[in-house]
Amino acid sequence: MSLLEIENLRVRAEAREIIRGISLSLEAGQVHIIMGQNGSGKSTLLLALAGSPRYEVAGKASFEGKNLLSLKPHERARAGILLAFQQPVEVPGVRMADFLRRAYCARFGKEIPVLEFESLLQRKMDELGIEREFAMRGLNEGFSGGEKKKSEMLQLSLLKPKLALLDELDSGLDVDAAPKVAEMVERARQDGASAIVVTHYTKILRGLRPDRVHVMKDGRIILSGDARLAQKLEREGFGWAYRSVG
Ligand code: ADP
Ligand code: MG
């Protein structure tokens, strides 16, 4: 049984079909990469898998053999699906630490006393080399690319997802991002996570050892392959894939 099985998934928003029939199957422990130009539907696919209420979803998706589409967003988090919070939504009144504690309770379905959580958080931050002040910051408030990366790393390490959905939306703009993404994904994999990493920068592929690579265009997967496809895309850019598939 695959960890995630998607069959002919269709996603609509505001009467427009954004994802137009996607199928893919991801085994536990695998890392898949989804590439494609801006607007091809990559973020929408991840948001739909995480259960964002903004979208209308048809087709099939199962997670550990259970129907994913019937689960509410918090039930998906509880099942072990994490859409790392990386969108630049600033929530000044909410400290990073409080957000993480809530996410932790949602993931494991139990309350954790504040002090106990703070010491767990501290330990994780020390392990990751993140300075203590970071947890006191407002959620995403003025976060740089590097700080979003830290936030993502912390979420992965605290919440131990079975499936991490990582949208490398803008962190690719950061020259140093590629090795950090690779390191983060490998660390999560060692912790038992599978991952779908979405990007439109071939640079991100450097150092990642994906099991599958998919190229999206206009809401569909137009090409899939193994790590050799990643190498080819890195050398030639994914414009090549668009041209060769037409
Ligand atoms: P990508 O992440 O590949 O750049 P997106 O998934 O963000 O692409 O967007 C794909 C297309 O769907 C874009 O044209 C975008 O404007 C549209 N879209 C995404 N979300 C919504 C929404 N909630 N309502 C309307 N249109 C949307
Ligand atoms: Mg996107």
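Both ligands and their constituent atoms are indexed starting at 1 by order of listing.
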So, regarding I18 and ligand 1 (criterion: nitrogen or oxygen to nitrogen or oxygen, under 3.5 Å), is there a contact or not? no
May I ask you to identify, for N38, whether its side chain, its backbone, both or neither come under 4.0 Å of ligand 1 on a heavy-atom basis? both
Using side-chain heavy atoms (C-beta onward) and a distance below 4.5 Å, is F134 in contact with L154? yes
Tell me which part of Q37 gets within contact of ligand 1: side chain, backbone, both or neither, using heavy atoms under 4.0 Å. backbone
Using a 4.5 Å cut-off on heavy atoms from C-beta on, say whether the side chain of V11 contacts that of L47. no
Is C105 close to I112 at the side-chain level, that is, under 4.5 Å between some pair of heavy atoms? yes
The reported gap from CG in L9 to NZ in K60 (rounded to nearest 0.5 angstrom) is 12.0 Å
Heavy-atom contacts with R16 under 4.0 Å: which atoms of ligand 1 show up? List them by number with element. 11 (C), 12 (O), 14 (O), 17 (C)
Give the numbers and elements of all ligand 1 atoms closer than 4.0 Å to a heavy atom of A13. 22 (C), 23 (N), 24 (N), 25 (C)
With a 3.5 Å cut-off and no angle check, do the side chains of S151 and Q155 form a donor-acceptor pair? yes
K150 side chain reached by L128 side chain, heavy atoms, under 4.5 Å: no
Should one rank A48, S43, S52 by closest heavy-atom distance to atom 2 (O) of ligand 1, which comes out on top? S43
State the atoms of ligand 1, each with its element, that fall below the 4.0 Å cut-off from a heavy-atom position in E14. 24 (N), 25 (C)
Near the Mg ion (ligand 2), is there an N/O/S atom from N38 that is less than 2.8 Å away? no
Does only the side chain of K42 get under 4.0 Å from ligand 1, or the backbone, or both, or neither? Count heavy atoms. both
From the list L165, L3, D211, side-chain contact (heavy atoms from CB on, under 4.5 Å) with S194 holds only for L3
Any N/O of G41 closer than 3.5 Å to an N/O of ligand 1? yes
